[in-house]
Amino acid sequence: MSGCNLNEKQIKTAIHADAYSYDPPNDLKQQIDARLAWQKNKEVIPMKKFSTKKIAAAAALACALTGTVCMAAGKISGYVGYSTPATETTNFSDIAKLEQTADVFTGAPKAFDNGFVFANANIIHTDALDEADNVNSSFMEINIQYQKDTENIDYAVKKGMEIMTKEELAKYQAVESDDITYYYSRSNYLFLPEGCEPTEEELAAEKAGELFISFGSSEREEKVFDGIFWNANGQSHHLFGMNIDMDADDLIAMARQLIS
């Protein structure tokens with residue numbers, strides 16, 4: 001990663017966007033963490049970026065943005081991604097253009113029956129990194145955000161099916177509906193300011209897989225993630241949010257409106 005110089009603002013943003021990672025990695029979990037980190041920091045700097053690796057991946061973030069990361073094969077250990085203001089839109093009719101660029105079909109409505117209304121959309125470019133922080137593969141997805149009062153829900157679509165092992169799928173609640181299998185998960189997140197140490201109880205919960213800890217927030221925050229994913233028509237779909245007070249049935253009801 002020589003030749004990549006980071007200024008203080010870039011380093012702080014990369015640290016702030018850092019999400020929980022572990023070995024062995026769970027690709028879907030890392031992708032979800034990356035999207036949450038991107039969503040959390042998308043107003044920080046014009047060129048948005050995030051990483052699911054630890055702080056050491058800050059250099060990979062900047063290098064990915066400047067195109068200096070070398071291609072290499074190997075085990076995927078994390079994800080790094082970015083979006084640009086050029087493709088961000090608050091105009092619902094622009095989604096068709098994003099779909100053409102990303103080669104996906106979202107089926108996104110302007111509003112859901114439960115009151116969530118379209119707010120914005122963008123294309124996220126994501127690089128899968130190997131253990132040496134080299135780019136293993138890349139993909140594009142469309143991320144659409146809906147709002148209701150103070151709550152946000154994100155809907156992300158990418159080309160290709162989400163493939164998981166039986167062990168990974170066992171961590172999700174599978175729900176069959178209309179010939180589609182939806183996978184629901186709920187996770188507890190703790191965001192801490194730099195220099196703030198988690199308690200022994202929190203570290204134990206993290207080790208047990210009951211809590212995901214991320215550093216770099218301006219204040220201590222405890223949040224609950226609720227989300228579902230499903231495969232349909234050669235694409236993978238994710239619908240998720242933080243502190244949205246929704247269960248699997250609520251999210252699946254929204255998903256039905258996306259594919260009807």
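For the numbers below, each heavy atom of this structure counts, side chains included, while hydrogens, waters and symmetry mates do not.
For E219, the side chain to side chain donor-acceptor pair (under 3.5 Å) criterion is met by no residue, not counting sequence neighbours. Looking at residues two or more places apart in sequence or on another chain, you find a side chain to side chain donor-acceptor pair (under 3.5 Å) between T89 and D94. Taking Y183 as the reference, F229 meet the ring pair (Phe, Tyr, Trp, His ring centres under 6.0 Å) condition, with sequence neighbours excluded. In terms of the side chain to side chain donor-acceptor pair (under 3.5 Å) criterion, residue partners of E222 (sequence neighbours excluded) are, by chain and number, R220. Evaluation of the salt bridge (Lys or Arg N to Asp or Glu O under 4.0 Å) rule for D178 yields R256 as partners, not counting sequence neighbours. D103 pairs by the side chain to side chain donor-acceptor pair (under 3.5 Å) definition with K159, not counting sequence neighbours. Partners of E151 by salt bridge (Lys or Arg N to Asp or Glu O under 4.0 Å), not counting sequence neighbours: none found. Residues satisfying the ring pair (Phe, Tyr, Trp, His ring centres under 6.0 Å) criterion with F118, sequence neighbours excluded, are F92. When the side chain to side chain contact (heavy atoms under 4.5 Å, CB included) test is applied to T199, the partners found at least two apart in sequence or on another chain are E201, E202. Y155 pairs by the ring pair (Phe, Tyr, Trp, His ring centres under 6.0 Å) definition with nothing, not counting sequence neighbours.
Cluster partners of M161 are I163, counting Ile, Leu, Val, Met, Phe, Trp and Tyr whose side-chain heavy atoms approach within less than 4.5 Å, directly or via other members.
Between the CD1 atom of I228 and the CZ atom of R186 there is a distance of 13.0 Å, given to the nearest 0.5 Å.
Between the side chain of Q145 and the backbone N or O of N152, no donor-acceptor pair lies under 3.5 Å. A donor-acceptor contact shorter than 3.5 Å links the side chain of Q235 to the backbone of F105. Remark: the backbone N or O of D113 is paired with a side-chain donor or acceptor of Q257 at under 3.5 angstrom.
Side-chain atoms of E141 and H238 include no donor-acceptor pair closer than 3.5 Å. Side-chain atoms of N122 and T87 form a donor-acceptor pair, as typed in the model, at a separation below 3.5 Å.
Between Y146 and F112, the ring planes lie perpendicular to each other; the angle is over 60°, past the 30° to 60° tilted range.
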Identify each donor-acceptor pair in which a side-chain atom of residues 241-250 lies under 3.5 Å from a protein atom, sequence neighbours left out, and give them as a table.
| residue | atom | partner | partner atom | Å |
| --- | --- | --- | --- | --- |
| N243 | OD1 | V224 | N | 2.8 |
| D247 | OD1 | D249 | N | 3.2 |
| D247 | OD1 | D250 | N | 3.0 |
| D250 | OD2 | D247 | N | 3.1 |

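Within the 4.5 Å cutoff, the side chain of W230 has heavy atoms near those of the L239 side chain.
Around CD of E176, the count of heavy atoms belonging to other residues, nucleotides or ligands within 6.0 Å exceeds 12.
When the options I180, L258, V157, N231 are evaluated for a side-chain contact (heavy atoms from CB on, under 4.5 Å) with H237, the one that passes is V157.
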